[in-house]
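So you know, we letter chains A, B, ... as the sequences are listed, proteins then strands, and number each from 1.
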Amino acid sequence: MNSAAALKGVKKEIDDFRLGPIDLEIEAGFVTALVGRNGAGKSTLLKILMNLVKQNEGSVAFFGQTLDGESEDWKTKVAYMPQSYPGPLPFTGQELKKLTANWHPHWDEQWFQQMVEHFQIPLEKKFEKLSQGVQQKLKFALTVARNPQLLILDEPTSHVDIPSKKQMIDFLIDWLEQEDSRTILLATHQVEDIRKLADYLVILDDGGFLGKYDKDELTAQYKRYWIEGNLPTATVPGELERGKGVIATKCARQAEDFLRKRGITWSSAVPLELDEVISIKLMKKKNTALKS
Amino acid sequence: MKLPIQLSKENPAPIYHQIEEQMKALIASGQLPAGTLLPSIRSLSKELEVSVITTRRAYQNLEYEGFIRTIQGKGTFVAEIDASLKKEVKVSAVKQAIEKAVETAIRHDYTLEEIEKMFLDVLNGLKAKGGKADE
């Protein structure tokens, strides 16, 4: 496995918020989606990676090399799209493009223009005068056209209209297709981004690292069964909920063995939707808190 | 290009297996002739809303069985396959569909004799219409 980015034992405290400890490997050639509620620490995690926020403990590495504060090598290989730029930006899109292009040796002007045309971004306008959605599109084009090895995107599709969201995903797919080792790490609240782009899911819950999951393996384990006849009286492995004739589980394989052993049959078994699975993952902590 | 693959959530077969079976059927039926350029693993993953891990596995198995081949730097193409292999895939696809129908009937508590009669009814209905299924 080739590592595009790695966090080792990363911890950060900001007032009463605690992030970590986080040990995470972002595999090269894959798309990893970072999900969690608002305030879970997703943006902070990305900023730690980009050296914009200093962690209290732990280390960050890009492409197998631990950052020691002096190496600048990674900066041309990693492009980051923040949720918002720090402070007001008194520049037009055209000026921002010139600045960005000058700083980035792999800048792809043709591709930038293609995105600007597709999204119909008025480059002559001041950045601050643009609507939130258009600002987002411009930030996206300015980031992706740097042509890095690793793209780190903080909620790239928020505030963006439906056709442009779809187009953003397609631009990212085109970009990924050009080289096997291209990698994306994105924080997102959009289920569609995760469905169409992600290979892995990383879930953060209130600063805590819940885990990294293979998207398809995760969803294959969460299933709802329509039981024929009576429901078993005993709890089914991984049971999440039961209703009239229906049982949901997070351990589909074990649950099926359990039901078969008892001669219980089902008329259909349907995997839970991805957003439902994520919601369940993020509810777990609350439930255990209630029980104790 | 878009492939007419549809994954079924209720199908207990793993997703990579569903992709494989449907690709084989498309190739054996001639809908995807030899030499057709297939979508990249990444773009097929987007279309099917699955991870590249799943799609790659399906492509690897198809390549191993000789249905497709990858040319470095050019992409993945439908391979030339033997008539006998084509026939095998076709027969197995039809048999699987019939098995599925029979399973449904069994779930509805019909006996095998009753199912046989239903099957013949369907066939006779089709014969009366001139041997073509409704499109």
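- Remark: B:R42 engages A:D199 in a salt bridge, criterion side-chain N to carboxylate O under 4.0 Å.
- In this structure, the portion of A:E228 lying under 4.5 Å from any heavy atom of chain B is its side chain and not its backbone.
- Salt bridge present: B:D121 and B:K117 bring a charged side-chain N and a carboxylate O closer than 4.0 Å.
- In this structure, no portion of A:D174 lies under 4.5 Å from any heavy atom of chain B.
- Just one of A:Q136, A:K137, A:Q120, A:H118 meets the side chain to side chain contact (heavy atoms under 4.5 Å, CB included) condition when paired with A:S164; it is A:K137.
- No other option in A:L176, A:I169, A:D216, A:L197 has as many heavy-atom pairs under 4.5 Å with chain B as A:D216.
- Only the side chain of A:E192 comes within contact range of chain B, judged by heavy atoms closer than 4.5 Å.
- With salt bridges taken as basic N to acidic carboxylate O contacts below 4.0 Å, none links B:K46 and A:E177.
- With respect to the salt-bridge test (charged N to carboxylate O, under 4.0 angstrom), the residues B:K9 and A:E273 qualify.
- Taking A:E256, A:E217, A:K196 one by one and counting their heavy-atom pairs under 4.5 Å with chain B, the maximum is reached by A:K196.
- For A:Y200, the part sitting under 4.5 Å from any heavy atom of chain B is the side chain, from C-beta outward, and nothing else.
- Between B:K100 and B:E103, no side-chain nitrogen of the basic residue sits less than 4.0 Å from a carboxylate oxygen of the acidic one, so the salt-bridge criterion is not met.
- Contact annotation for A:A220: neither backbone nor side-chain heavy atoms come within less than 4.5 Å of a heavy atom of chain B.
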